[in-house]
Amino acid sequence: MKKCIYLLCAASFMFTISCSKEKDEITLVTGEAQIKSETGLSFVNSSGFSADFVNYKLRYGTGLEKEYGQSLVGYNHIQLQQGTKTIYQIEVFKDGSKVPFKAYINDDSGNEVEVKSTSIIDIDPDEILEILLDDQ
């Protein structure tokens, strides 16, 4: 009788562990699907470069402008409407101090295209435009 109770406990424990793993995988897939359906902009540290905050301005059309800030700790993005925008006054910080950097995007061919002050960027629907930050 004791063997049956031990086997039953072991089986229920294994079942509980396997169920919790499936739940985590479902949550992860749902989170990835949500990011893929959003439209916006994300700054990302390239390998070997370390910064923790970026500050920048976007101009919509000929007049409307807005300032944004984004943490570079983990994955973060700013939700934006699709369309063409001018990005300027990009500042990158590490521990509260400005750091020199270069910013670029990878085009459709995989080539690096530098993002300079007053660069025009296109935000496509259901896409997060990633701007990579690297040493100058």
Side-chain angles (χ1 to χ4, degrees):
M1 185 68 167
K2 270 187 166 178
K3 283 186 178 178
C4 288
I5 292 174
Y6 287 127
L7 288 174
L8 185 59
C9 288
S12 65
F13 178 72
M14 294 302 285
F15 179 74
T16 304
I17 290 174
S18 66
C19 288
S20 66
K21 285 182 182 176
E22 290 175 15
K23 182 179 179 185
D24 290 342
E25 290 173 11
I26 291 171
T27 304
L28 180 62
V29 171
T30 304
E32 289 172 358
Q34 180 181 0
I35 288 173
K36 289 188 184 293
S37 67
E38 292 184 6
T39 301
L41 176 66
S42 177
F43 283 85
V44 179
N45 287 325
S46 61
S47 62
F49 184 75
S50 179
D52 54 21
F53 192 79
V54 65
N55 195 35
Y56 58 96
K57 290 185 180 181
L58 291 177
R59 175 171 284 142
Y60 301 86
T62 58
L64 183 63
E65 68 178 45
K66 188 170 180 182
E67 187 169 345
Y68 295 90
Q70 178 191 327
S71 172
L72 296 172
V73 178
Y75 180 79
N76 294 300
H77 69 278
I78 303 293
Q79 293 182 358
L80 298 171
Q81 290 183 342
Q82 71 183 53
T84 303
K85 295 152 184 45
T86 304
I87 187 167
Y88 61 102
Q89 290 185 357
I90 303 171
E91 298 174 314
V92 178
F93 299 90
K94 174 72 176 170
D95 298 326
S97 299
K98 285 186 186 180
V99 293
F101 69 97
K102 74 173 186 175
Y104 63 92
I105 58 172
N106 290 320
D107 65 8
D108 295 335
S109 304
N111 299 321
E112 291 181 4
V113 177
E114 190 171 355
V115 176
K116 298 178 182 178
S117 183
T118 67
S119 288
I120 305 296
I121 57 172
D122 287 318
I123 307 294
D124 294 329
D126 299 329
E127 180 179 301
I128 304 290
L129 176 65
E130 286 190 346
I131 296 180
L132 301 165
L133 300 172
D134 204 350
D135 285 325
Q136 208 172 27

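Computed from a predicted model, the values in this text were never measured in an experiment.
V92 and L58 end up in the same hydrophobic cluster when Ile, Leu, Val, Met, Phe, Trp and Tyr side chains are linked at under 4.5 Å. L72 is connected to I121 through a chain of hydrophobic side-chain contacts under 4.5 Å among Ile, Leu, Val, Met, Phe, Trp and Tyr, so both are in one cluster. V113 and I128 fall into different hydrophobic clusters, where Ile, Leu, Val, Met, Phe, Trp and Tyr are joined by side-chain heavy atoms under 4.5 Å apart, directly or via other members. Hydrophobic clustering, with ILVMFWY side chains joined whenever heavy atoms are under 4.5 angstrom apart, keeps F93 apart from L132. Each of V115 and V44 belongs to its own hydrophobic cluster when Ile, Leu, Val, Met, Phe, Trp and Tyr are linked at side-chain heavy-atom distances under 4.5 angstrom.
Once rounded to the nearest 0.5 Å, the distance linking CD of E114 with CG of D134 reads 10.5 Å. In this structure, I90 CD1 and K102 NZ are separated by 13.5 Å, a value rounded to the nearest 0.5 Å. Rounding to the nearest 0.5 Å places OG1 of T86 at 3.5 Å from CD1 of I120. With rounding to the nearest 0.5 Å, the separation of CD1 in I87 from CG in L129 is 8.0 Å. One distance of note links CG of L41 with CD of E127; it measures 11.0 Å at 0.5 Å rounding.
Within a 6.0 Å radius of CD in E67, more than 12 heavy atoms belonging to other residues, nucleotides or ligands are found.
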(message) Before you tell me yes or no, could you show the steps for Y68 and L80 under side-chain contact (heavy atoms from CB on, under 4.5 Å), namely the whole-Å CA-CA distance, both residues' side-chain angles and the distance that decides it to 0.1 Å?
(response) CA-CA 11 Å; Y68 295 90; L80 298 171; 3.5 Å; yes

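Shown here for K85 and Y60, the closest heavy-atom pair between the two residues is CE-CE2, 3.2 Å. Residues N106 and E112 come closest through the heavy atom pair OD1-CG, 3.7 Å. When all heavy atoms are compared, the tightest approach of D135 to G48 is OD2-O, 4.0 Å. The minimum heavy-atom distance linking N76 with S42 is given by the pair O-OG, 2.7 Å. Here the closest non-hydrogen pair linking K94 and A51 is CD-CA, 4.0 Å. When every heavy atom of F49 is checked against every heavy atom of P100, the shortest pair comes out as CE1-O, 3.6 Å.
Between F43 and Y56, the ring-plane angle classifies as tilted under the 30° and 60° cut-offs.
Checked by atom type and distance alone, the side chain of D52 pairs as donor or acceptor with a backbone atom of D95 at under 3.5 Å. Under a 3.5 Å cut-off, the side chain of T84 and the backbone N or O of D122 do not form any donor-acceptor pair. At least one donor-acceptor pair closer than 3.5 Å links the side chain of S71 to the backbone N or O of V73.
In this model, a donor atom of one side chain and an acceptor atom of the other lie less than 3.5 Å apart for Y88 and E65.
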